[in-house]
Amino acid sequence: MTPPLPARTRVAPSPTGDPHVGTAYQAIFDLACARQTGGQFVLRIEDTDQARQVEGSEQQIYDTLAWLGLSPDESPEVGGPAGPYRQSERLPEYAAVAQQLLDAGHAYHCWCTPERLADLRKQQEASKQADTGYDRRCYGLTRDERAKLPGFSEKPVVRMLVPDDPPLTFTDLIRGEVACPRPDDQVILKADGFPTYHLAVVVDDHLMGITHTVRGEEWISSTPKHLLIYRWLGWDLPFFVHMPLLRNADKSKIAKRKNPAARLMWFRENGYLPEALVNFLSLLAYPPVHEGSDIQSFDELVASFDWGKFSTTGPVVDLGKLDWLNGAYIRALTDDELGARIVAYWDEVGQPVDAVEARRVVTQAAPIIKERLTTLRDAYPMVDFLLVDDDLLVIEDDAREALPEQTPQILAAAIKALGALPGDGFTAETAEAALRASLVDGLGLKPRVAFNPVRTAISGRKVSPPLFESMAILGQARTLARLQSLK
RNA sequence: GUCCCCAUCGUCCAGUGGCCUAGGACCCAGCCCUUUCAAGGCUGUAACGGCGGUUCGAAUCCGCUUGGGGAUACCA
């Protein structure tokens, strides 16, 4: 089913902590839908729960979406014709609609205290009653009538009056016909004057001209509440899309407590490339654009995007494929770009290096580390030996222990062979040729044995990027100094 | 408890009644390449939860069952 053009989609996170990976997951497809149809992608901030607001998290939402290249066309940050885009700034709109529903008899005031509601709930659960829910104690009563009864609160909320025939099915773009439970007399306007999600989402999606109400699967069961409000207000329904829920390895809904990768920032902190992450997320519950390959750009996704291709099963977020994708994206970078990204990453995570020198060395080393990197985070331990002063190079214990017994002779021969090279002719090729002639042919050693001490002298480690290229980056003098030092 | 959603290799997807002795990607294993580690190439292991239907024929349709998930808030 292809919806009409152009689409206006929206992502609506709550600023209640570090941005959630689910926000990016939804944003990818929202944006794809909007771009494909020439529409707009809107960011709305759902800050209706005053108690849960976290300072700075709204800014983090902007930052992470920008980092991913998923910046909205309209948002509190950049503005737009349908603002304000922050729900806390739209209170009059919600109050007006609530009053309208009150006047029409579709909603009523409720003065019950939270304590009474909690008791009621406890009783219902204990009695094994099939349906739990509000008992309509306040329905039909005036304030003064209700005040005489126990469990009275001075500040009322507004509840919706669910009729006997509420809509219990709707059409979902990726699921088709969906059935859902009969709603309770849900609170739509809280005692503090803020709306609940149910009122706010309907009012905002309508007023902002949103064509696709995209959200997580957990909202299916409350959709009848929204359908009811649309009906009462006589507003046209948007397309509903309930995306499958991202899962932990144990299949539960992905959460920050269980899974560090539930935090969007985690990927950035750990050296993942945003384009790789977008690629990875676009593969969850959604088939790859190209047969036989999982590598695809966002533009390719846009070109072939279709809500109907979604799978309805909640995918486990398994980082194995992301690691591979990230490596593939790193390998595709130019040396210069990789150097720039690595140094920028070090700057972000506070790795203390001289930026200019580091950029020069890392760009030089790019060809030899590129195919060894999974994330940008892997770069530092791979090239730190190229950045450290010769006399500060640490020889790791396991490398020292693995040194063959002929080490002194090998190092002596290596120093002699490399020292004999002309200063302007010291390259990876000449160094390799000289060492092979001297150590492998001359001393009759296996390459594996012959180059072991040399590698340790140069890098301080048993495992390092390619040896001869590393020596070329260090240069003849520093190479000789390190060989001498270990000897 | 009640309601809703979901069900193919370890993971992510393909498969919409015959092209399926179920295909791809990642992971894993083996081999090749090789100065270490990678990358790359080749090969391989591995799944339709179960039971009943419908049909000439079912991974695909239906029912039941089992399993997982979600919702049942003045949180979203």
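To find a chain, count down the sequence lines: A is the first, B the second, and so on, and within it residues start at 1.
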Under-3.5 Å N/O pairs linking protein and nucleotides 40-49 of chain B:
unit_1: G40(B); atom_1: OP1; unit_2: Arg331(A); atom_2: NH1; d: 3.3

Detail all sub-3.5 Å separations between protein N/O atoms and N/O atoms belonging to nucleotides 61-67 of chain B.
none

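Taking atom P on both nucleotides, G18(B) is separated from U11(B) by 27 Å, rounded to a whole Å. The C1' atoms of G15(B) and C48(B) are separated by 10 Å, rounded to the nearest whole Å. Going from the P atom of U65(B) to that of A46(B) covers 34 Å, rounded to whole Å.
Following rounding to the nearest Å, Leu277(A) (CG) and C12(B) (P) show an atom-to-atom distance of 17 Å. In this entry the distance linking NE2 of His290(A) with P of G24(B) reads 18 Å, nearest Å. Atom NZ in Lys122(A) sits about 20 Å away from atom P in G1(B), given to the nearest Å. Rounded to a whole Å, the CZ atom of Arg455(A) is 10 Å from the P atom of U35(B). Note: CD1 (Ile254(A)) to P (U11(B)) measures 15 Å, nearest angstrom. We find that CZ of Phe280(A) is positioned 9 Å from P of C12(B), with the value rounded to whole Å.
The phosphate of C74(B) has OP1 or OP2 within less than 4.0 Å of a side-chain N or O from Arg159(A). Proximity of Arg436(A) to the phosphate of U35(B): a side-chain N or O atom is located under 4.0 Å from OP1 or OP2. Distances shown here put every side-chain N or O of Arg247(A) at or beyond 4.0 Å from the OP1 or OP2 atom of G69(B). Applying the 4.0 Å criterion to OP1 and OP2 of A76(B), one finds that Thr48(A) has a side-chain N or O inside that range. Side-chain N/O atoms of Lys253(A) include one lying less than 4.0 angstrom from OP1 or OP2 on A71(B). For Arg121(A) and A73(B), the shortest distance from a side-chain N or O to OP1 or OP2 is below 4.0 Å. Distances shorter than 4.0 Å separate some side-chain N or O of Lys190(A) from OP1 or OP2 on A76(B).
Ring planes of Tyr197(A) and Trp219(A): parallel class, angle under 30° (limits at 30 and 60°). Aromatic ring pairs are classed by plane angle as parallel below 30°, tilted from 30° to 60° and perpendicular above 60°; the pair His212(A) and Phe239(A) is tilted.
Closest to the side chain of Phe468(A), from the set C4(B), U35(B), A76(B), is U35(B). Residue Pro181(A) places its side chain closer to C4(B) than to any other of C4(B), U35(B), U36(B). Considering only the side chain of Val463(A), C37(B) comes nearest among C5(B), G70(B), C37(B). Out of C75(B), C12(B), A71(B), the shortest distance to the side chain of Asp49(A) is found at C75(B). Here the side chain of Trp219(A) is nearest to one of C5(B), C3(B), A76(B), namely A76(B).
Nucleic acid contact class of Arg175(A) (heavy atoms, under 4.0 Å, all strands): sugar-phosphate only.
Between Tyr286(A) and Phe305(A), a ring centre-to-centre spacing shorter than 6.0 Å is recorded.
Taking the ring axis of Phe385(A) as reference, the NZ or CZ atom of Arg461(A) does not stay both within 45° of it and closer than 6.0 Å to the ring centre.
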